[in-house]
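Before any comments, here is the structure.
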Protein chains: 2
Amino acid sequence: MSPARTTAGAPISSIGRAIAVLGCFNERRRALTLSEISKKSLLPMSSTHRVVAELVTGGFLVRGSDRKYRIGTRMWSIGQLAPVSDQLRHRALPTLARLYEETGENITLAVLDRGQALYVDRLGGERSVHTGARAGGHLPLHTTGVGKVLLAWQTPAAIEKYLERPLERTTPYSIVDPVKLKKELDETRERGYALTRQESTAGNGSVAVPILRGGRAVAALGVVAHLTHLDIPRLVEVLQAASESIRHELENEH
Amino acid sequence: MSPARTTAGAPISSIGRAIAVLGCFNERRRALTLSEISKKSLLPMSSTHRVVAELVTGGFLVRGSDRKYRIGTRMWSIGQLAPVSDQLRHRALPTLARLYEETGENITLAVLDRGQALYVDRLGGERSVHTGARAGGHLPLHTTGVGKVLLAWQTPAAIEKYLERPLERTTPYSIVDPVKLKKELDETRERGYALTRQESTAGNGSVAVPILRGGRAVAALGVVAHLTHLDIPRLVEVLQAASESIRHELENEH
DNA sequence: AACGGATGTTCCAATGAGCGGAACACTACT
DNA sequence: AGTAGTGTTCCGCTCATTGGAACATCCGTT
């Protein structure tokens, strides 16, 4: 009896367990009870209880009056030091703000992270359409404007590698045929911007441009709007100006 | 010899050690070598090496080509789920953007966190003055506009408690006399907004207003500008409209 | 108010994850 | 090439950690 770590699937190391517990939280489950964390992390209740208690002490988790645990402020605060926030988001934010004011639509900034589009920030009010994107969240490359940009400016080998895996069909309009997608990426590169039409969320389309440094797309900047508002020529124009502005901010670092 | 945990000051538990390692990173030291982490966390080199390796595996730290460690994207990403970001920042952001466009000055949004002002976001371009504030960072309550607001709308007991401790003099103009500060807070409440004049950074002043819910200041919203640009009546007007807008967004949650 | 199911907390003998000093390896500078 | 600084690996030993079980609390229903 004890203390062999016998629970199948759960990490063995203490730090690995803490990371697994923190990984239980996501966009759809922001608040979790102890039992829920135990189930998701595959840790026994008492082990979960102990790990969670330490994370609460350290400020990485917080427990509300509803007895549910949420990500704590300290974790957010330290997380702000990550280069994706500290270097990119912070410098891009004034430009994102301007772009939001100019268009009144959803503004998204994303980077490539483990083969997906990681949203660095998203600016939109209640009037703006729902895009499925949130700061810190991931979406597939092939169904989103920013994702297509990030993919198009990859090396041919990286693109081939992405196309090898089955492409998720997010909506009936998602491009999941590798041949069609490859053609789409070629066109994206040729045009200098990406387009989507209901490929990620129904009714919506997007325009996105790369933020280029040294020939690479270090990030992608996009506008998501309902198709009825998608003024492509105008959005391309303002996006490219904004992209240039952000690139300039990023280069003035040293 | 080994493995007694003999290092004075270092946590004993593994998770506590991981948290201590992550706590070594701050605004002034965003990138650290292994040796630096070891020194700051008071952990022996080999222990540090092991903890850091696990955090890198879990995506909480990343190591660059300069051999230095930085906070990893995954930590940022999970951190975005914290209510301070997910509930407050995200909803306030469009209004912050508008305010930034209207004023062209530094916009700050802060909450009370462990007796300090925690900056939830900050919007400013290169033209804007340097304020010492960054998203995720803390500044004293008594020297900042948002901090004074957060303090003024505390209970009298909480205010008294804050005044008991020696008040840090950030600049020669900082108010560090408890009697003067108390008077300042009374006036702040009476006026409905806070002012600073070079109390936090030289040359700059600020105007800040509370975001009230149920009679409490759940956050504070401020503009920081050089004193020559500090148009108080106009800033108060736009800040109070923005504060109302954010409050409205927060109440439309349920 | 009572009850029961769900959720959460505490305990403890046993054990293996983790310990840190030491040896070794790598890097950068002179 | 030498040296100092930084980083990595190893290993016998120990204590932080284990999870099942007992116990406690909470909450919804009757």
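Letters A, B, ... mirror the listed sequences (proteins, then strands); counts begin at 1. The shown structure was predicted, so the numbers you read here are calculated from the model rather than taken from an experiment.
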For atom [atom1] of [X] and atom [atom2] of [N], their distance in whole Å:
{"X": "A:I15", "N": "C:dG18", "atom1": "CD1", "atom2": "P", "value": "7 Å"}
{"X": "B:M45", "N": "C:dA25", "atom1": "CE", "atom2": "C1'", "value": "12 Å"}
{"X": "B:L43", "N": "C:dG18", "atom1": "CG", "atom2": "P", "value": "14 Å"}
{"X": "B:E54", "N": "C:dC19", "atom1": "CD", "atom2": "P", "value": "9 Å"}
{"X": "A:D66", "N": "C:dG8", "atom1": "CG", "atom2": "C1'", "value": "14 Å"}
{"X": "A:I12", "N": "D:dT17", "atom1": "CD1", "atom2": "C1'", "value": "13 Å"}
{"X": "A:L34", "N": "C:dG8", "atom1": "CG", "atom2": "C1'", "value": "6 Å"}
{"X": "B:L42", "N": "C:dC19", "atom1": "CG", "atom2": "P", "value": "15 Å"}

Closest contact, heavy atoms only, A:L141 versus A:A117: CD2-N, 3.5 Å
Please compare A:S13 and B:H49 by the position of their nearest nucleotide in DNA chain D and report the one closer to 5'. B:H49
Within the sub-3.5 Å range, which N or O atoms of nucleotides 22-29 of chain D have a protein N or O partner, and how far apart are they?
{"residue": "D:dC26", "atom": "O3'", "partner": "A:R67", "partner atom": "NH1", "Å": "3.2"}

Nucleotide of C:dT7, D:dG7, C:dG18 approaching A:T33 most closely (side-chain heavy atoms): C:dT7
Please check the phosphate of D:dT17 (OP1 and OP2 only) for any side-chain N or O of B:S14 closer than 4.0 Å. yes
Answer with yes or no whether the side chains of A:T95 and A:E249 bring together a donor and an acceptor at under 3.5 Å. no
For atom CZ of B:R29, decide whether the heavy atoms of other residues, nucleotides or ligands shown that lie under 6.0 angstrom number more than 12. yes
Side chain of A:S46, base of D:dG20: donor and acceptor closer than 3.5 Å? yes
